[in-house]
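Scroll down for the structure; my scribbles are underneath it.
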Amino acid sequence: MELKIATWNVNSVRARLSVVIRWLEKEKPDVLCMQELKATLEQFPFEEFENLGYHCAVNGQVRWNGVAVVSLSEPAAIETDLNGFLPEQSRMISTGIHGIRLINVYVPNGSEVDDPRFKDKLRYYEVLRNYAEGFDRPTVIVGDFNVAPGPDDTHSPEQQDGTVCYHPLERKQIQLFEKHGFRDVFRKYHPQGKAYSWWDYRAASFRRNRGMRLDLVLADETAMERITDCFIDKEPRKWEKPSDHTPVLFKIEVSE
DNA sequence: ATGGCCGGGAAGCCCGGA
């Protein structure tokens with residue numbers, strides 16, 4: 001059977017609830033990985049997801065961060081500890097789904113290049129790589145990586161070069177994932193051309209299509225062999241009260 | 001005509017996002 005799995009930074013699951021539910025009813029993915037819940041476990045709207053048949057695995061936090069995996073089949077072996085790194089920030093949830101290890105992350109934004117949080121961001125990629133290599137294959141990492149991997153993944157690469165989310169040290173980290181066998185799945189299916197998953201709320205960025213591709217699917221070789229497609233769904237970015245991100249989806253063949 | 005936003009929690013602004 002084939003699973004359809006999505007990743008989406010929803011920018012508050014409570015503010016976005018009607019948009020997310022509408023999208024689930026339209027797209028009917030088997031799994032949705034969400035980032036930036038901006039909600040605690042207690043605040044998470046379980047009922048609305050369960051009404052559509054989804055199980056919810058939630059790593060919540062007050063005000064900021066927060067990630068969740070909602071899935072039609074019950075997830076196994078849920079983990080929220082990223083090898084002890086940044087324990088006070090809820091940025092990772094990892095589950096077993098139909099024999100796949102699915103890791104859902106919200107990588108720190110980094111604030112500014114000269115901010116101490118930028119160092120945490122760079123370190124985050126390394127710790128995540130070590131964590132992801134600790135599982136039996138196949139393994140897929142999805143989420144908001146907060147970096148555009150290459151010049152086709154952002155609207156103005158020349159002007160943005162060296163700034164947060166398009167800094168050479170950040171891009172190098174994505175190249176290191178590739179060196180460790182985790183490929184950028186979207187670019188396998190769309191090797192050429194500008195493609196974005198995020199558009200700033202300001203400056204009419206969406207209408208002018210000035211965006212960045214920050215939301216990635218990285219798959220190891222075993223997972224890549226089973227993946228059949230990967231694409232960005234721009235539709236919900238056009239709806240009322242949208243998130244500034246839009247969903248990225250992929251399809252993967254699993255035995256049962 | 002080229003850009004002026006959004007969410008949460010505490011408070012009537014500030015922080016964070018990217």
Side-chain angles (χ1 to χ4, degrees), chain A residues 7-21 23 34-45 48 58-68 86 88-92 104-125 128 142-174 194-216 232 234 236-248:
Chain A
T7 178
W8 192 4
N9 179 324
V10 295
N11 185 18
S12 170
V13 70
R14 289 173 290 163
R16 213 66 57 214
L17 188 57
S18 62
V19 167
V20 174
I21 294 297
W23 185 78
M34 289 181 282
Q35 304 88 36
E36 276 210 88
L37 301 179
K38 295 184 174 177
T40 62
L41 183 66
E42 293 73 25
Q43 294 168 326
F44 187 87
E48 285 81 354
V58 178
N59 181 14
Q61 183 182 329
V62 66
R63 268 193 104 167
W64 295 309
N65 308 321
V67 287
L86 299 181
E88 71 287 358
Q89 301 182 27
S90 298
R91 294 183 176 274
M92 194 283 292
N104 174 25
V105 290
Y106 175 44
V107 174
N109 165 272
S111 190
E112 302 288 344
V113 173
D114 59 359
D115 191 289
R117 284 169 289 188
F118 189 75
K119 285 192 174 66
D120 282 344
K121 178 180 192 176
L122 295 178
R123 178 75 181 136
Y124 199 92
Y125 297 113
L128 174 61
V142 305
D144 180 355
F145 282 73
N146 264 320
V147 55
D152 275 355
D153 302 313
T154 189
H155 56 89
S156 309
E158 293 80 11
Q159 291 95 309
Q160 291 175 289
D161 194 10
T163 64
V164 69
C165 297
Y166 196 64
H167 192 283
L169 291 174
E170 296 168 305
R171 281 177 275 150
K172 185 187 165 195
Q173 287 297 325
I174 299 303
K194 295 280 190 183
Y196 313 133
S197 64
W198 169 86
W199 298 262
D200 200 312
Y201 283 125
R202 293 166 292 191
S205 299
F206 185 64
R207 185 170 61 72
R208 296 192 294 153
N209 197 27
R210 292 167 59 87
M212 302 179 82
R213 190 170 68 90
L214 307 177
D215 302 277
L216 308 180
I232 297 170
K234 284 176 72 168
R237 188 63 178 80
K238 304 172 185 169
W239 298 350
E240 286 291 310
K241 252 177 87 79
S243 169
D244 44 357
H245 295 252
T246 210
V248 180

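Reckoned from all heavy atoms, side chains included, excluding hydrogens, waters and symmetry mates. Sequence lines set the chain letters: A, B, ... in the order given, protein chains first and strands last, and positions in each chain run from 1.
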Inset, instruction - Measure the distance from CG on A/Asp244 to P on B/dC5 and round it to the nearest whole Å. - result: 14 Å

Legend entry - Any N/O donor-acceptor pair, A/Arg208 side-chain to B/dG3 base, under 3.5 Å: yes

Legend entry - Aromatic plane relationship, A/Trp198 with A/His245 - under 30° parallel, 30 to 60° tilted, over 60° perpendicular: tilted

Legend entry - Side chain of A/Gln43 - closest among B/dG16, B/dA18, B/dG9: B/dG9

Legend entry - Any A/Asn9 side-chain N or O less than 4.0 Å from OP1/OP2 of B/dA18: yes

Inset, instruction - Check whether any side-chain N or O of A/Arg16 sits under 4.0 Å from OP1 or OP2 of B/dC6, and answer yes or no. - result: no

Inset, instruction - Please lay out, stage by stage, how A/Asp161 and A/Arg171 fare under the test salt bridge (charged side-chain N to carboxylate O under 4.0 Å, His left out). - result: CA-CA 10 Å; A/Asp161 194 10; A/Arg171 281 177 275 150; 2.5 Å; yes

Legend entry - Residue-phosphate contact under 4.0 Å: A/Arg210 side-chain N/O, B/dG3 OP1/OP2: no

Inset, instruction - Rounded off to whole Å, could you give me the CZ-to-C1' distance for the A/Arg171 and B/dA18 pair? - result: 15 Å

Inset, instruction - Can you tell me, in whole Å, how much space there is between the P of B/dG16 and that of B/dG3? - result: 27 Å

Inset, instruction - Using a cut-off of strictly less than 4.0 Å, decide whether A/Tyr106 has a side-chain nitrogen or oxygen near OP1 or OP2 of B/dA18. - result: yes

Legend entry - Short side-chain N/O contact from A/Gln61 to OP1 or OP2 of B/dG9, under 4.0 Å: no

Legend entry - Donor on one side chain, acceptor on other, A/Tyr201 and A/Asn11, under 3.5 Å: yes

Legend entry - Side chain of A/Arg14 (C-beta onward), nearest among B/dG4, B/dG9, B/dG7: B/dG9

Legend entry - Ring centroid separation A/Trp239 to A/Trp23 under 6.0 Å: no

Legend entry - Residue-phosphate contact under 4.0 Å: A/Lys241 side-chain N/O, B/dG7 OP1/OP2: yes

Legend entry - Base B/dG3 to side chain A/Arg207, donor-acceptor N/O within 3.5 Å cut-off: yes

Legend entry - B/dA10 to B/dG4 separation - C1' atoms, rounded to the nearest Å: 26 Å

Inset, instruction - Report yes if a side-chain nitrogen or oxygen of A/Asn109 is closer than 4.0 Å to either non-bridging phosphate oxygen (OP1 or OP2) of B/dG16; otherwise report no. - result: no

Inset, instruction - Check the distance between B/dC13's C1' and A/Arg63's CZ and give it to me in whole angstrom. - result: 11 Å

Legend entry - Comparing A/Ala204 and A/Asp200 on DNA chain B - which has the more 5′ nearest nucleotide: A/Ala204

Inset, instruction - Quick one: label A/Asn65 by what it contacts on the DNA or RNA (base, sugar-phosphate, nothing), any heavy atom closer than 4.0 Å. - result: nothing

Inset, instruction - Could you tell me the separation between the NZ atom of A/Lys38 and the C1' atom of B/dG16, rounded to a whole number of Å? - result: 7 Å

Inset, instruction - Would you indicate whether A/Lys119, at its atom NZ, is surrounded by more than 12 heavy atoms from other residues, nucleotides or ligands within a distance under 6.0 Å? - result: no

Legend entry - A/His167 NE2 to B/dA18 C1', straight-line distance once rounded to whole Å: 15 Å

Inset, instruction - Write down the distance between CG (A/Asn209) and P (B/dG3), rounded to a whole number of angstrom. - result: 17 Å

Inset, instruction - Take atom CG of A/Leu17 and atom P of B/dG8, then tell me their distance rounded to the nearest Å. - result: 11 Å

Legend entry - Upstream residue (5' side of DNA chain B) when A/Trp198 and A/Ala39 are each assigned their closest nucleotide: A/Ala39

Inset, instruction - Report yes if a side-chain nitrogen or oxygen of A/Arg91 is closer than 4.0 Å to either non-bridging phosphate oxygen (OP1 or OP2) of B/dG17; otherwise report no. - result: yes

Legend entry - Nearest to side-chain heavy atoms of A/Arg202, which nucleotide of B/dG4, B/dG8, B/dC5: B/dC5

Inset, instruction - Indicate whether OP1 or OP2 belonging to B/dG17 is found under 4.0 Å from a side-chain N or O atom of A/His245. - result: no

Inset, instruction - Applying side chain to side chain contact (heavy atoms under 4.5 Å, CB included) between A/His167 and each of A/Leu169, A/Val164, A/Thr163, report the one that passes. - result: A/Leu169

Inset, instruction - Side chain of A/Asn146 only, please: which of B/dC14, B/dG4, B/dA18 is the nearest? - result: B/dA18

Legend entry - Proximity to the side chain of A/Met212 - top-ranked nucleotide from B/dA18, B/dC15, B/dG3: B/dA18

Inset, instruction - In whole angstrom, give me the gap between the C1' atoms of B/dA18 and B/dG7. - result: 15 Å

Legend entry - Other residues, nucleotides, ligands: >12 heavy atoms within 6.0 Å of A/Gln159 CD: yes

Inset, instruction - Could you state the atom-to-atom distance from CG of A/Asp153 to C1' of B/dA18 in whole Å? - result: 15 Å

Legend entry - Proximal nucleotide (of B/dG9, B/dG17, B/dG16) relative to the A/Trp64 side chain: B/dG16

